[in-house]
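Worksheet: one structure, shown below.
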Amino acid sequence: MMILPGSTLGMLGGGQLGRMFTIAARNMGYEVIVLDPDKDSPAGKLATNHICAAYDDATALNKLNQSCDAITTEFENIPAAILETLASSLPVRPGAKAVTITQDRIHEKSFLRDSGFPTAPFVVVRSEADLEGALTHVSVPAILKVSRFGYDGKGQYSVKSESDCQSGWQALGGNECVLEQRVKLDVEISVVLARSTSGEVVTFPVGENIHEDGILDVSIVPARVDDRLREEAITMATEIAIALDYIGVMAVEFFISDGKLLVNEIAPRPHNSGHYTLDATATSQFEQQVRALCGLPLGDTRLLSPVVMVNMLGDIWHGGNAPRWEKLLSHNNVMLHLYGKHEARPGRKMGHFNVLDRDVDSALKLARDIQKQLATP
Ligand code: ATP
Ligand code: MG
């Protein structure tokens with residue numbers, strides 16, 4: 001059954017991903033209700049209605065349930081039990097099963113391994129005792145990563161020797177972790193896709209991702225990798241979506257190491273590396289999220305232009321002052337997207353811009369020039 005424009009969609013989470021979903025949904029004639037505990041949340045401000053409450057607030061969830069025709073989420077840390085409860089009376093996409101697996105690195109990596117998808121070598125560390133002998137399965141250098149609530153490289157500890165395991169475990173608060181071998185990275189790529197209620201899968205063009213300090217810095221599309229790897233990544237991402245019985249938009253991050261693909265992680269939602277779709281594909285990943293949620297036909301993901309997406313972090317707000325936007329807006333092939341966040345903290349994602357050009361090399365060159373200019377007070 002299709003949920004048609006005019007209906008009301010619920011969004012769990014009010015960050016930038018929720019905001020861009022809200023824009024797409026309202027543009028298509030839907031009402032949006034955002035649940036987020038922050039009264040100034042980026043999405044809440046643009047929604048038809050913002051329920052300002054915790055994600056497990058029973059009254060708020062009840063209100064959401066009664067006002068909405070379908071519910072989706074912008075972040076993976078919603079307790080699965082909440083999704084299950086909501087799903088008893090209306091469509092919740094993605095469902096609890098996919099979110100349960102992808103919100104927890106131990107589940108996620110085990111699911112990937114058990115389903116036959118290649119990953120970097122890892123061991124599960126549930127207790128301090130598990131650290132004993134962990135390095136017989138995984139060699140140094142390695143990374144200890146918390147199993148839950150990690151993002152943008154947070155909750156990770158670099159392990160260079162056996163003794164670092166102990167200090168890492170302490171530093172990460174004694175929480176469940178995976179110890180993952182650090183692999184040599186040729187390049188990182190990602191695939192954003194959507195799977196519909198009828199099981200149709202539509203993928204977006206493969207992006208090449210460059211990180212700085214564990215945070216995505218730029219995405220380059222099309223990725224500069226050979227066609228074989230590109231095709232393989234698309235096939236693997238599609239198989240993962242099917243194995244998760246996924247409905248909605250999801251992203252798969254890959255490492256390419258020694259010419260081989262390894263799955264890094266799965267995001268059960270639109271992804272930062274898919275922000276280029278706002279300007280460079282026929283349908284954006286957020287419109288696609290609306291379509292998948294509502295059981296509508298999926299949109300055209302054709303690339304209209306080579307593109308480079310650049311993240312803007314709070315670091316370039318010197319003394320709280322916004323960068324000089326004219327440096328960016330004076331180019332007629334550069335699009336600015338800001339998330340409406342008032343407080344610029346170092347490492348906080350404030351917005352991004354997309355550079356469209358005749359080829360990725362020219363786009364990347366202009367992107368780097370603008371990035372430098374914006375960083376200069
Ligand atoms: P996000 O949710 O923002 O994608 P995260 O906190 O979940 O990030 P990861 O994706 O695990 O973190 O790691 C962030 C980045 O750190 C990766 O994109 C990669 O550049 C680097 N990295 C992580 N694990 C490894 C590894 N095993 N070997 C080499 N580099 C790695
Ligand atoms: Mg990641």
Side-chain angles (χ1 to χ4, degrees), residues 13 15-17 73-78 99 101-113 117-125 134-135 137-160 164-165 168 171-173 175-192 206-220 223 225 233 237 240 249-275 285 309 311-313 347-350 352:
Q16 63 266 23
L17 299 177
T73 162
E74 61 135 26
F75 87 140
E76 49 271 46
N77 296 325
I78 302 285
V99 175
I101 292 173
T102 53
Q103 73 186 183
D104 181 307
R105 264 187 222 281
I106 296 178
H107 285 167
E108 180 178 77
K109 295 248 175 213
S110 309
F111 157 80
L112 288 168
R113 177 157 64 191
F117 297 104
T119 65
F122 71 93
V123 275
V124 171
V125 181
L135 283 177
H137 303 282
V138 163
S139 53
V140 286
I143 309 173
L144 201 55
K145 297 182 177 180
V146 285
S147 191
R148 298 182 60 117
F149 305 116
Y151 71 100
D152 288 347
K154 292 186 180 66
Q156 302 199 1
Y157 191 94
S158 180
V159 172
K160 299 191 181 78
D164 286 346
C165 280
L172 297 176
N175 292 300
E176 292 189 340
C177 288
V178 296
L179 181 69
E180 189 179 306
Q181 194 156 315
R182 196 178 274 283
V183 296
K184 181 181 137 292
L185 295 180
D186 307 343
V187 63
E188 292 185 73
I189 60 173
S190 56
V191 176
V192 178
V206 178
E208 171 185 342
N209 303 320
I210 302 178
H211 294 79
E212 288 293 335
D213 299 327
I215 306 180
L216 183 65
D217 182 33
V218 304
S219 294
I220 300 164
V225 297
I240 290 171
V249 169
M250 65 167 244
V252 181
E253 297 176 24
F254 295 91
F255 300 141
I256 299 179
S257 183
D258 284 329
K260 288 197 198 69
L261 282 174
L262 301 172
V263 180
N264 173 23
E265 57 179 356
I266 307 163
R269 51 171 170 78
H271 194 256
N272 194 167
S273 69
H275 289 356
Q285 61 171 346
M309 187 283 314
N311 266 340
M312 294 186 293
L313 305 181
R348 188 178 198 205
K349 289 174 179 168
M350 302 296 287
H352 67 271

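Just so you know, residue 1 is the first one in the sequence shown, and it goes up from there. The figures here come from the full heavy-atom set of this structure, side chains too, leaving out hydrogens, waters and symmetry mates. Keep in mind the model is a prediction, meaning the values are calculated, not measured. Counting starts at 1 for both ligands and their atoms, following the listed order.
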Identify all side-chain donor-acceptor contacts of residues 259-268 below 3.5 Å with residues at least two apart in sequence or on another chain.
residue, atom, partner, partner atom, Å
Asn264, ND2, Glu253, OE1, 3.0
Glu265, OE1, Arg105, NH1, 3.2

Atoms of ligand 1, numbered as shown, that sit under 4.0 Å from any heavy atom of Asp152: 1 (P), 2 (O), 3 (O), 5 (P), 6 (O), 8 (O)
Distance flag for atom 16 (O) of ligand 1, protein heavy atom under 4.0 Å: no
Of the N, O or S atoms in Glu253, the one nearest the Mg ion (ligand 2): OE1
From Lys145, Arg182, His211 - option closest to atom 24 (N) of ligand 1 by heavy atom: Lys145
Lys184 to ligand 1, any heavy atom closer than 4.0 Å: no
Name of the Glu265 atom (N/O/S only) found closest to the Mg ion (ligand 2): OE2
Any residue meeting side-chain contact (heavy atoms from CB on, under 4.5 Å) with Ser190, in chain and number order, not counting sequence neighbours: Asn209, Ser273
Nearest-contact summary for atom 9 (P) of ligand 1 - protein heavy atom, Å: Gln156 NE2, 3.5 Å
Atom 21 (C) of ligand 1 touched by protein heavy atom at under 4.0 Å: no
Under 4.0 Å to a heavy atom of Arg105 - the qualifying atoms of ligand 1, by number: 5 (P), 6 (O), 7 (O), 11 (O), 12 (O)
Distance (rounded to the nearest 0.5 Å) between Leu172 CG and Lys154 NZ: 13.5 Å
Val146 versus Cys177, closest heavy-atom pair with distance: CA-SG, 3.9 Å
Passing option when Lys145 is tested against Glu176, Glu108, Glu180 for salt bridge (Lys or Arg N to Asp or Glu O under 4.0 Å): Glu180
Nearest-contact summary for atom 1 (P) of ligand 1 - protein heavy atom, Å: Glu265 OE2, 3.4 Å
Glu74 (side chain) donor-acceptor with Arg269 (main chain) under 3.5 angstrom: no
Which residue and heavy atom of the protein sit nearest atom 14 (C) of ligand 1, plus the separation: Gly214 O, 3.9 Å
Main-chain N/O of Leu216 paired to Asn311 side chain as donor or acceptor, under 3.5 Å: yes
Atom 30 (N) of ligand 1: the protein heavy-atom neighbour that sits closest, reported with distance to 0.1 Å: Leu185 CD1, 3.6 Å
Asp104 versus Ser147, closest heavy-atom pair with distance: OD1-OG, 2.7 Å
Protein contact of atom 31 (C) of ligand 1 - nearest heavy atom, named by residue and atom, plus distance: Phe255 CZ, 3.7 Å
Asn264, portion touching ligand 1 at heavy-atom distance under 4.0 Å: side chain
Atoms of ligand 1 close to Tyr151 [distance to a heavy atom under 4.0 angstrom, numbered from 1]: 2 (O), 6 (O)
Between NE2 on residue His352 and CG on residue Asn272, distance to nearest 0.5 Å: 8.0 Å
Under 3.5 Å: N/O of Gly153 near N/O of ligand 1: yes
Atoms in ligand 1 with a heavy atom of Glu180 nearer than 4.0 Å: 24 (N), 25 (C), 26 (C), 27 (N)
Nearest-0.5 Å distance, CG of residue Asp217 to CD1 of residue Ile210: 7.0 Å
Ligand 1-proximal atoms of Gln181, by part, heavy-atom distance under 4.0 Å: backbone
Polar proximity ligand 1 side, Val183 side, N/O cut 3.5 Å exclusive: yes
Rounded distance (nearest 0.5 Å) linking atom CE of Met250 with atom OG1 of Thr102: 8.5 Å
Contact atoms of ligand 1, heavy-atom distance to Glu253 under 4.0 Å: 4 (O), 10 (O)
Distance filter under 4.0 Å to Ile143 heavy atoms, resulting ligand 1 atoms: 23 (C), 24 (N), 25 (C), 26 (C), 31 (C)
Minimal non-hydrogen separation, Leu135 against Cys165, with atom names: CD1-SG, 3.9 Å
Rounded distance (nearest 0.5 Å) linking atom CE of Met350 with atom CD of Gln16: 10.0 Å
Closest protein heavy atom to atom 18 (O) of ligand 1, given as residue, atom name and distance to 0.1 Å: Glu188 OE1, 2.6 Å
